[in-house]
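Lettering of chains follows the sequences in order, A, B, ..., and the numbering in each one begins at 1.
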Number of protein chains: 2
Amino acid sequence: MTSGSFPKPEHDHQRCVARLVRHAEQLCIKAGVRLTVQRLAILKIIGSSHKATGAYDVLEVMAKQGQRAAPVTVYRALDFLISVGLVHRISSLNAFIACHHSHGSNPVQLLICKACGGVGELELPAVTRALKEAAGKAGFSVDEPVVEVTGVCAHCCAA
Amino acid sequence: MTSGSFPKPEHDHQRCVARLVRHAEQLCIKAGVRLTVQRLAILKIIGSSHKATGAYDVLEVMAKQGQRAAPVTVYRALDFLISVGLVHRISSLNAFIACHHSHGSNPVQLLICKACGGVGELELPAVTRALKEAAGKAGFSVDEPVVEVTGVCAHCCAA
DNA sequence: TTTGTAATGTTATACTATTGCATTTGTTAT
DNA sequence: ATAACAAATGCAATAGTATAACATTACAAA
């Protein structure tokens with residue numbers, strides 16, 4: 001995708017998580033990495049809402065599910081999920097969001113609704129290109145651009 | 001400025017901080033807000049390096065200067081300095097950098113060197129515009145874009 | 001000088017993330 | 001199969017970042 005998407009409130013999470021899981025399984029097989037039960041469980045928790053989820057939120061949910069775990073467990077799983085592109089880190093919120101798309105290695109831009117907490121994704125190569133070019137003029141070699149846009153989503157604008 | 005800048009290692013901090021202080025004084029007078037000694041002291045500390053500075057780094061420096069303070073003091077000053085545009089928050093590092101420029105209310109893009117820790121600024125209206133436009137197509141009304149680019153600066157590239 | 005607001009002080013605590021080391025699990029080669 | 005190795009997990013402690021709640025002081029305008 002080159003345009004944008006923002007989750008609708010009436011979204012069918014059930015189906016959406018199922019799709020995410022299939023995506024994850026295929027991706028990990030192809031990459032030759034292990035999607036363990038724990039990692040999958042944590043991915044499901046993060047993917048079951050389209051809002052930014054903190055590491056300790058994940059822990060809480062796990063506790064309710066009877067899977068008690070230490071923080072480091074969640075952080076390790078998150079590191080893994082981020083490394084394979086199944087989760088994005090949201091620096092400005094110290095939180096995480098599941099990635100429902102395949103971006104390859106293209107950087108992503110996040111839209112964060114201040115009102116409902118929902119998070120959407122954009123994939124704008126033009127933005128990435130413009131950043132690389134401008135940075136390059138200053139002799140700066142770009143590694144990874146973090147682009148997080150706060151604002152108000154369509155649904156909350158209307159309300 | 002519309003192009004970019006990245007601090008040179010051989011930079012003259014002394015002069016640079018003096019300029020920052022003048023800038024801050026004028027800006028606060030114009031805005032009708034109080035640049036107290038404490039706020040100024042903290043601005044100087046942050047502005048005396050062109051690397052990302054953590055809140056607790058500031059505290060350490062203050063302690064060495066004999067000005068003991070509680071974390072909340074620093075965070076309050078930082079909130080103020082950010083609100084008037086004298087400091088930028090670097091979300092991806094949980095750190096801060098003094099702003100030596102006048103951006104008006106234009107969003108800024110930060111360049112963060114992984115090697116030396118130096119931080120530079122860009123002001124690229126085109127990037128901001130592209131983000132607003134793409135977000136707008138998804139019905140998203142942009143408030144504040146956070147753009148932080150990690151990479152390697154010219155000086156460190158050469159080395 | 002009173003009066004109200006902004007700024008600061010003080011203490012405690014909440015929230016986020018990592019380190020170090022022991023143990024288990026899964027994979028590969030023999 | 002099983003030995004041997006690497007990856008993943010468990011566990012406990014602790015480091016690092018940020019805010020809450022409430023008391024006090026400093027400042028500016030009436």
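At least one side-chain heavy atom of His23(A) sits less than 4.5 Å from a side-chain heavy atom of Leu86(A).
Atom CD of Gln38(A) and atom P of dT25(C) are 13 Å apart (whole Å). Rounding to whole angstrom units, CZ of residue Phe96(B) and P of dG16(D) are separated by 16 Å. One atom, CD1 of Ile82(B), and another, C1' of dT17(D), lie 14 Å apart when rounded to the nearest Å. Distance, Leu35(A) CG to dT25(C) P: 18 Å, rounded to whole Å. Here the C1' atom of nucleotide dT19(D) and the CG atom of Leu93(A) are 16 Å apart, to the nearest Å. One can place CG of Asp79(B) at 15 Å from P of dA6(C), the figure rounded to the nearest angstrom. We find that CG of Leu81(A) is positioned 15 Å from C1' of dT9(D), with the value rounded to whole Å. One can place CD of Glu60(A) at 12 Å from C1' of dC15(C), the figure rounded to the nearest angstrom.
By the 30° and 60° cut-offs, the orientation of the rings of His100(B) relative to His50(B) is tilted.
Contact between the side-chain N/O atoms of Arg34(B) and the OP1/OP2 oxygens of dA28(D) is not found at any separation under 4.0 Å. Phosphate contact (OP1/OP2 of dT16(C), side-chain N/O of Arg89(A), threshold under 4.0 Å): absent. Dashed line: the shortest gap from a side-chain N or O of Asn94(A) to OP1 or OP2 of dC15(C) is not under 4.0 Å. Phosphate proximity of dT19(D) to Tyr75(B): absent, as no side-chain N or O sits under 4.0 Å from OP1 or OP2.
Rounded to the nearest 0.5 Å, atoms CD1 (Ile46(A)) and CG (Leu78(A)) are 4.5 Å apart.
When distances run from any side-chain atom of Val72(A) to the nucleotides dT19(C), dT9(D), dG9(C), the shortest one goes to dT19(C).
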Before you tell me yes or no, could you show the steps for His103(A) and His88(A) under ring pair (Phe, Tyr, Trp, His ring centres under 6.0 Å), namely the whole-Å CA-CA distance, both residues' side-chain angles and the distance that decides it to 0.1 Å? CA-CA 11 Å; His103(A) 303 292; His88(A) 298 302; 5.6 Å; yes

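Nucleotides of DNA chain C nearest to Arg76(A) and Ala55(A) differ in position, and the one nearer the 5' end is that of Ala55(A). Toward the 5' end of DNA chain C, the nearer of the two residues Thr36(B) and Ala70(B), judged by each one's closest nucleotide, is Thr36(B).
At a threshold of 4.5 Å between side-chain heavy atoms, the hydrophobic network of Ile, Leu, Val, Met, Phe, Trp and Tyr places Ile82(B) and Val149(A) in two separate groups.
Judged by distance alone with a 3.5 Å cut-off, no donor-acceptor contact links the side chain of Tyr56(B) to the base of dA15(D).
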